[in-house]
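What follows is a short report on a single structure.
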Amino acid sequence: QKEVEQDPGPLSVPEGAIVSLNCTYSNSAFQYFMWYRQYSRKGPELLMYTYSSGNKEDGRFTAQVDKSSKYISLFIRDSQPSDSATYLCAMSLEYGNKLVFGAGTILRVKS
Amino acid sequence: DGGITQSPKYLFRKEGQNVTLSCEQNLNHDAMYWYRQDPGQGLRLIYYSQIVNDFQKGDIAEGYSVSREKKESFPLTVTSAQKNPTAFYLCASSIDLTSGVYNEQFFGPGTRLTVL
C-alpha cells in the first residue's frame with residue numbers, strides 16, 4: 001500500500017463546476033499538507049499548504065485536512081479551462097521538508 | 001529574476017551511457033532536491049542536499065549520483081547502472097531542511113530523459 005493514495009483520474013468537468021480533489025494517507029505523523037499544480041511538461045508549483053487540521057481558503061481554492069480520517073481535499077470553485085492540469089498532493093513530517101507525493105490527479109475543465 | 005533552471009529540457013541517451021542533468025538556483029537556498037516523475041507514480045525523491053559538500057540518498061538513489069560543490073548547483077548523473085532511466089526529472093530547492101518549520105519547495109521546469 002502506498003503511503004499517499006490519490007486517484008489519477010482523469011477528472012473531466014464543465015467550466016464553472018466545483019471540483020473536489022482528494023488524497024488519503026497512512027502515516028499519522030504527517031503535519032504539513034500541500035497541493036501542487038503541474039501543467040503539462042512543467043515543474044509543479046505550490047498552490048496551497050496547510051499545517052495540521054482545518055481549512056484554508058485562497059480565492060477560488062479551499063484546502064481541507066481531516067487528520068482523524070487521514071484525508072485531505074482541495075476544492076476549486078467556478079473552475080476555468082486554465083485550471084486544467086495535474087494536481088499533486090504532498091505531505092511532510094513536522095521536522096524536515098522531505099515530501100511524500102501522491103500520484104497526481106489529471107483535471108480537465110471543458111469550456 | 002530568481003528561480004531554478006534545469007538543462008537540457010530534453011535529453012536522449014543510448015544504453016550504457018552516463019548522462020548529467022544540470023540544476024542551478026539563484027534563490028540562495030541551502031537545500032536542494034532531485035525527484036523522478038513517472039506516469040501514475042507521482043514524484044519520488046532521488047537525492048537531497050542540505051548544505052554544500054553534503055548530500056543524502058532519497059528513496060530511489062540506486063543508479064544515480066550527485067555532487068554539491070557550490071550552493072547554487074546540484075547536478076545529477078544518471079549512470080548506466082540505472083535500469084529504467086527514462087523519466088521526467090525535477091530539481092527543487094528550499095530555504096533549508098532543518099529549521100523545524102515548513103519551507104516551500106520551488107521546482108525547476110524539468111528535464112525529460114529518454115533512453116534509446
Side-chain angles (χ1 to χ4, degrees), chain A residues 1-11 21-27 29-52 54 56 58 63 65 72 85-106, chain B residues 3-10 21 23 25 27 29-51 55-61 87-114:
Chain A
Q1 183 186 5
K2 292 182 180 178
E3 207 167 2
V4 178
E5 297 277 1
Q6 185 176 10
D7 187 335
L11 177 63
L21 303 167
N22 311 294
C23 288
T24 59
Y25 61 94
S26 57
N27 188 348
F30 286 135
Q31 294 285 352
Y32 291 89
F33 303 91
M34 281 70 71
W35 287 96
Y36 281 82
R37 179 175 61 194
Q38 184 178 24
Y39 291 112
S40 182
R41 300 187 186 87
K42 303 289 186 184
E45 55 179 338
L46 182 66
L47 201 56
M48 308 252 327
Y49 91 90
T50 310
Y51 172 68
S52 195
K56 187 173 184 179
D58 184 2
V65 176
I72 67 171
T86 297
Y87 289 81
L88 298 153
C89 66
M91 42 202 81
S92 69
L93 304 175
E94 183 163 13
Y95 294 102
N97 273 347
K98 289 172 63 178
L99 299 180
V100 180
F101 284 86
T105 298
I106 298 171
Chain B
I4 302 176
T5 57
Q6 290 185 243
S7 61
K9 188 172 182 179
Y10 298 96
L21 283 58
C23 177
Q25 54 98 359
L27 301 167
H29 285 170
D30 285 319
M32 297 187 74
Y33 316 79
W34 273 105
Y35 293 91
R36 169 181 172 141
Q37 186 174 30
D38 296 280
Q41 294 198 48
L43 277 67
R44 292 181 290 167
L45 183 64
I46 304 173
Y47 269 97
Y48 64 100
S49 168
Q50 300 181 41
I51 56 172
F55 47 83
Q56 306 294 328
K57 291 182 179 180
D59 301 319
I60 55 165
F88 190 48
Y89 290 87
L90 288 158
C91 178
S93 71
S94 65
I95 294 175
D96 65 35
L97 192 61
T98 59
S99 66
V101 296
Y102 176 75
N103 289 300
E104 178 181 351
Q105 286 190 23
F106 294 84
F107 284 83
T111 292
R112 186 165 299 277
L113 173 64
T114 303

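Naming: A, B, ... by sequence-line order, numbering from 1 per chain.
The closest side-chain heavy-atom distance from A:Y36 to B:L43 is not below 4.5 Å. Using a 4.5 Å heavy-atom cutoff, the side chains of A:Q38 and B:Q37 are in contact.
Counting heavy-atom neighbours within 6.0 Å of A:K42 NZ, excluding the residue itself, gives a total of 12 or less. More than 12 heavy atoms of other residues, nucleotides or ligands sit less than 6.0 Å from atom NZ of A:K2.
Shortest non-hydrogen contact noted between A:R41 and B:Y10 is CD-OH, 3.7 Å.
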For the pair A:L99 and B:Y33, evaluate side chain to side chain contact (heavy atoms under 4.5 Å, CB included) and give the outcome as yes or no after the intermediate values. CA-CA 10 Å; A:L99 299 180; B:Y33 316 79; over 6 Å; no
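The contact between A:P44 and chain B is made by backbone and side chain atoms together, counting heavy-atom distances below 4.5 Å. Looking at B:Y89, neither its backbone nor its side chain comes within 4.5 Å of chain A, counting heavy atoms on both sides.
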